[in-house]
Number of protein chains: 2
Amino acid sequence: MEKKYKISEFAHLVGLSPYTLRYYENEKLITPHRYDNGQRYYTNHDIRWVGFLLHLKGCGMSMNEIKEYVKLRSQGDSTIPQRKAWLQKVKANSLSKIKEMQFHLKILFHKIDWYDGKLNNCDYGSFAEYLDRFEKKGK
Amino acid sequence: MEKKYKISEFAHLVGLSPYTLRYYENEKLITPHRYDNGQRYYTNHDIRWVGFLLHLKGCGMSMNEIKEYVKLRSQGDSTIPQRKAWLQKVKANSLSKIKEMQFHLKILFHKIDWYDGKLNNCDYGSFAEYLDRFEKKGK
DNA sequence: ATATTCCTTAGAGTTAACTCTAAGTCAAGA
DNA sequence: TCTTGACTTAGAGTTAACTCTAAGGAATAT
């Protein structure tokens with residue numbers, strides 16, 4: 001017999017609120033089982049499923065995109081090529097989002113260095129000048 | 001004489017809308033100059049400044065955080081240590097956000113591989129089993 | 001001359017993803 | 001018995017960061 005979790009225990013396990021779980025269910029992302037009296041219960045399988053949904057979310061997929069994906073999934077194995085293509089697009093977006101963030105971060109690093117310079121009374125000139133010098137060095 | 005840009009030209013240059021620029025100004029993030037007739041104009045210096053704001057934003061800083069930072073800046077060089085500390089916190093957050101995203105992406109990669117397996121009729125079992133095997137190999 | 005672009009204030013609308021309330025019912029635990 | 005936690009539907013509230021409209025006026029471009 002597999003462990004069964006009621007909504008609040010499950011919510012705690014996956015790091016979501018019962019509200020959010022019902023909301024996701026309403027949006028057809030999750031379909032928990034029910035006891036005869038109507039109460040939901042979730043299993044370890046559901047933990048893995050929600051975990052996967054959160055990975056998708058963490059890769060920057062919106063609710064609507066995830067819903068599309070889940071809809072395809074519900075149509076069976078014939079949609080695997082489409083689902084794979086979806087995930088490849090998500091992967092590309094996610095990678096470029098990371099690259100973009102790293103670029104922004106690089107500037108932040110420089111700004112921190114520039115502050116260090118200011119604090120040590122090294123005259124770096126304006127931040128723009130400092131960056132310019134870096135560009136030239138970089139080449 | 002430095003080039004002066006009116007709001008819509010400037011908006012185009014920095015990739016924001018005039019609405020957004022006025023909004024940012026209202027929030028004290030930007031302070032463009034004015035012609036005698038009251039029209040705003042922006043300079044290359046403003047391009048660099050907005051660029052920097054967008055880097056901060058791109059590192060995950062919220063409007064409110066950026067406003068705090070800009071407020072400190074307006075108080076002069078004595079706030080440099082605080083500003084540096086701010087940016088260091090932002091840097092740490094940003095790095096951990098990237099790490100998190102990379103972790104989510106790793107799962108996505110695996111899922112794509114798993115789909116490939118399915119499409120080639122290699123029997124990987126369920127995705128959970130596939131991941132489990134990876135964990136063990138990884139050790 | 002006419003259309004476009006600029007200005008103002010003030011406030012309403014938008015989007016995503018929750019988050020919660022109301023109002024009423026049901027069932028299990030101490 | 002009393003509290004706690006589950007259920008329902010339907011809809012309202014929240015937050016961030018815009019995004020736009022209205023209404024009225026001034027200047028510029030074709």
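Reminder, nothing fancy here: chain letters follow the sequence lines and each chain counts from 1. Remember, predicted model here, so these are calculated numbers, not experimental data.
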Where at least one partner belongs to residues 102-114 of chain A, residue pairs that pass side chain to side chain donor-acceptor pair (under 3.5 Å), sequence neighbours excluded: A:His104-B:His55
Inter- and intrachain pairs under side chain to side chain donor-acceptor pair (under 3.5 Å), touching residues 2-21 of chain B, at least two apart: B:Lys3-B:Glu9, B:Tyr5-B:Asn44, B:Ser17-B:Thr20
Contacts of type side-chain hydrogen bond (donor to acceptor under 3.5 Å, both in side chains), residue B:Tyr69, not counting sequence neighbours: A:Tyr115
Set of side-chain hydrogen bond (donor to acceptor under 3.5 Å, both in side chains) partners for B:Asn93, sequence neighbours left out: none
Integer-rounded Å distance: D:dT28 C1' and B:Asp36 CG: 16 Å
Strand-adjacent residues in residues 37-65 of chain B, judged by heavy atoms under 4.0 Å from DNA chain C: B:Gly38, B:Gln39, B:Arg40
Nucleic acid contacts - residues 9-32 of chain B versus DNA chain C, non-hydrogen atoms under 4.0 Å: B:Arg22
Under the rule for side-chain contact (heavy atoms from CB on, under 4.5 Å), what residues qualify as partners of [X], not counting sequence neighbours?
| X | value |
| --- | --- |
| A:Lys91 | A:Leu95, B:Leu105, B:Leu108, B:Phe109, B:Ile112 |
| B:Asp77 | A:Lys118, B:Ile80, B:Arg83 |
| B:Ala85 | none |

Pair listing, salt bridge (charged side-chain N to carboxylate O under 4.0 Å, His left out) test, anchored in residues 10-33 of chain B, at least two apart: B:Glu25-B:Arg34, B:Glu25-B:Arg40, B:Glu27-B:Lys67
Please tabulate, for the side chains in residues 46-54 of chain A, all donor-acceptor contacts under 3.5 angstrom to protein atoms that are two or more places apart in sequence or on a different chain.
residue	atom	partner	partner atom	Å
A:Asp46	OD2	A:Thr43	N	2.8
A:Asp46	OD2	A:Thr43	OG1	3.3
A:Trp49	NE1	A:Leu29	O	2.7

A:His33, NE2: over 12 other non-hydrogen atoms inside 6.0 angstrom: yes
Chain A contact limits on DNA chain C, taken 5' to 3' with a cut-off of 4.0 angstrom to heavy atoms: C:dA17 to C:dT21
